[in-house]
Amino acid sequence: MNANDYRKFPVRYWDDVREGDDLPALAKKTSTIQLTMYTAATGIFHRIHYDLPFAKDDGLPGVLVHGPLHGAFITQVVTDWMGPRGFLKKVGWNNRGMAIAEETLTCKGLVKRKYTANSEHLVDCEIWNENEKGERLVVGSATVRLPRRGA
Amino acid sequence: MPDSPDVLAEIHRILEASLGGPPATGEVAARDFHRFAFAVDDLNALYFDEAYAKANGLPGIIAPPLFALAATHEDVPLHRLQVDGIARSESQAAIYKHFKRVVAGGTEYEFFQPLRPGDRLTAERGVGQIFQKEGRSGTLTFVESISTWKNQRGEKVAVQRFTSIYRE
């Protein structure tokens with residue numbers, strides 16, 4: 001792996017965040033290769049995620065994107081945005097719809113609330129993804145702790 | 001419709017027995033979490049670049065937070081996978097016989113510190129809430145399971161609450 005492939009992000013300071021800010025969107029073009037990689041990386045070998053004839057026999061239009069992979073995609077929207085000094089305290093989601101390999105999922109986020117609790121500087125975000133028809137397949141939320149300027 | 005209170009009690013008893021066993025264990029290995037990051041296509045330098053991680057106040061590279069589940073996943077030999085590729089325990093099969101389909105409801109994680117290479121994790125699992133709601137297509141049974149990961153120092157690292165929805 002070339003070190004140039006790693007992605008570095010600017011430090012995100014709590015002071016600079018505003019409620020209503022959009023988090024930069026992330027487009028994920030899924031593929032059977034990616035679903036096979038995720039299958040191997042998690043050790044969960046359910047055939048509907050990599051075996052097309054099996055998936056079709058099961059009534060699916062294609063191999064299915066793993067539910068937790070949808071979650072990982074929208075979590076990445078937050079971890080990219082919060083920068084290298086942010087800490088992900090909470091993340092959660094509900095899977096509402098399914099996607100199959102080759103679909104592009106656009107993953108988005110929005111700052112809902114900025115506040116202080118127990119001396120921590122926190123931000124709550126709403127996160128979700130959309131398929132090419134604009135349908136939200138997974139919706140969730142996250143709470144991150146951010147550093148303060150000058151601290 | 002299965003007889004509700006009895007089925008709920010049976011689900012609770014079966015899950016308690018299977019989840020309440022010895023905790024799952026696993027070591028956080030950089031090679032494994034790099035594979036996870038590659039699969040998600042999440043190439044955050046905090047997971048790969050020691051110097052970058054240290055420059056940002058960390059002791060070194062960290063794992064993607066959602067890797068916790070994979071770190072303590074219990075691998076099984078090929079012959080234990082059923083035709084659909086899933087290794088279902090007898091206790092799970094005993095629950096599933098009451099229902100047509102099981103789908104993922106919600107997933108919630110809480111994190112307390114980053115996962116580091118070399119961390120030895122244990123995941124204690126237990127049963128959370130079990131309740132029923134009337135849906136459009138019949139009764140839905142919600143089953144929550146709770147996993148708590150601790151590291152080799154006994155410190156809490158992460159908690160996951162996962163809800164399955166059983167459809168009759």
Side-chain angles (χ1 to χ4, degrees), chain A residues 1 3 5-9 11 26 28-31 33-51 54 58 66-73 75-76 78-80 83-95 98 138-145 147, chain B residues 26 31-49 51-58 61-62 64-67 69-76 78 80-87 103-114 158-163 165:
Chain A
M1 165 111 177
D5 291 339
Y6 307 144
R7 299 176 67 233
K8 297 179 180 178
F9 300 92
V11 174
L26 198 58
K28 293 286 192 179
K29 170 80 161 79
T30 63
S31 65
I33 296 175
Q34 181 169 34
L35 302 188
T36 306
M37 285 174 79
Y38 187 79
T39 294
T42 56
I44 295 167
F45 293 98
H46 197 178
R47 278 171 81 182
I48 58 172
H49 300 300
Y50 54 87
D51 182 333
F54 183 87
D58 213 27
H66 306 68
L69 182 54
H70 283 277
F73 288 160
T75 299
Q76 192 191 339
V78 178
T79 52
D80 284 0
R85 289 176 181 261
F87 180 72
L88 180 70
K89 283 174 68 80
K90 287 183 188 175
V91 68
W93 59 83
N94 286 302
N95 290 99
M98 63 184 191
V138 60
V139 293
S141 61
T143 300
V144 301
R145 180 176 68 224
Chain B
R31 185 188 175 93
D32 292 338
F33 69 69
H34 288 163
R35 284 182 173 164
F36 182 89
F38 291 154
V40 178
D41 197 25
D42 178 357
L43 305 184
N44 195 315
L46 289 181
Y47 311 148
F48 298 95
D49 184 332
Y52 176 73
K54 286 180 179 164
N56 283 293
L58 293 165
I61 58 169
I62 59 172
L66 298 179
F67 176 73
L69 186 61
T72 52
H73 176 71
E74 289 172 280
D75 291 314
V76 300
L78 186 58
R80 279 198 36 212
L81 298 180
Q82 293 166 7
V83 68
D84 60 1
I86 294 181
V103 297
T107 305
E108 280 176 46
Y109 281 92
E110 189 170 359
F111 300 103
F112 302 94
Q113 58 175 289
V159 173
Q160 185 214 44
R161 289 182 176 76
F162 178 76
T163 305
I165 305 172

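Labels below follow one simple rule: chain letters A, B, ... track the order of the sequence lines, proteins then strands, and each chain is numbered from 1.
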Within the distance-only criterion (no hydrogens, no angle test), does the side chain of [X] pair as donor or acceptor with the backbone N or O of [Y] below 3.5 angstrom?
{"X": "B:Asn56", "Y": "B:Tyr52", "result": "yes"}
{"X": "A:His66", "Y": "A:Ile44", "result": "no"}
{"X": "A:Lys8", "Y": "B:Asn44", "result": "no"}
{"X": "B:Tyr109", "Y": "B:Arg161", "result": "no"}
{"X": "A:Lys28", "Y": "B:Val40", "result": "yes"}

Using non-hydrogen atoms and a 4.5 Å limit, figure out which bit of [X] sits close to chain A: side chain, backbone, both or neither.
{"X": "B:Phe33", "result": "neither"}
{"X": "B:Ala37", "result": "neither"}
{"X": "B:Gln160", "result": "neither"}
{"X": "B:Val83", "result": "both"}
{"X": "B:Pro64", "result": "neither"}
{"X": "B:Asp75", "result": "side chain"}

Taking [options] one by one, which has the highest count of heavy-atom pairs under 4.5 Å against chain A?
{"options": "B:Thr163, B:Asp84, B:Asp32, B:Leu46", "answer": "B:Asp84"}
{"options": "B:Pro65, B:Ala70, B:Gly106", "answer": "B:Gly106"}
{"options": "B:Ile86, B:Leu66, B:Thr107", "answer": "B:Thr107"}

Could you check which of [options] has the highest count of heavy-atom pairs closer than 4.5 Å to chain B?
{"options": "A:Arg85, A:Lys90, A:Lys89, A:Met37", "answer": "A:Arg85"}
{"options": "A:Asn95, A:Leu35, A:Leu88", "answer": "A:Leu88"}
{"options": "A:Ser141, A:Pro147, A:Ala40, A:Pro84", "answer": "A:Pro84"}

Contact class of A:Phe87 relative to chain B, heavy atoms under 4.5 angstrom = side chain
Check whether A:Thr75 gets within reach of chain B through its side chain, its backbone, both or neither, counting any heavy atom under 4.5 Å.
->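 Side chain of A:Thr75 only, per the 4.5 Å heavy-atom cut-off to chain B.
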With the side chain counted from C-beta on, respond yes when A:Asn94 and A:Val138 share a heavy-atom pair under 4.5 Å apart, and no when they do not.
->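 Result no, sub-4.5 Å side-chain heavy-atom pair not found.
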Is A:Thr30 close to A:Phe73 at the side-chain level, that is, under 4.5 Å between some pair of heavy atoms?
-> yes
Heavy-atom count around B:Glu110 CD within 6.0 Å, excluding the residue itself: above 12?
->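 More than 12 heavy atoms, drawn from other residues, nucleotides or ligands, come within 6.0 Å of this atom.
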In terms of side-chain geometry, is the basic nitrogen of A:Asp58 or A:Arg47 positioned less than 4.0 Å from the acidic oxygen of its partner?
-> no
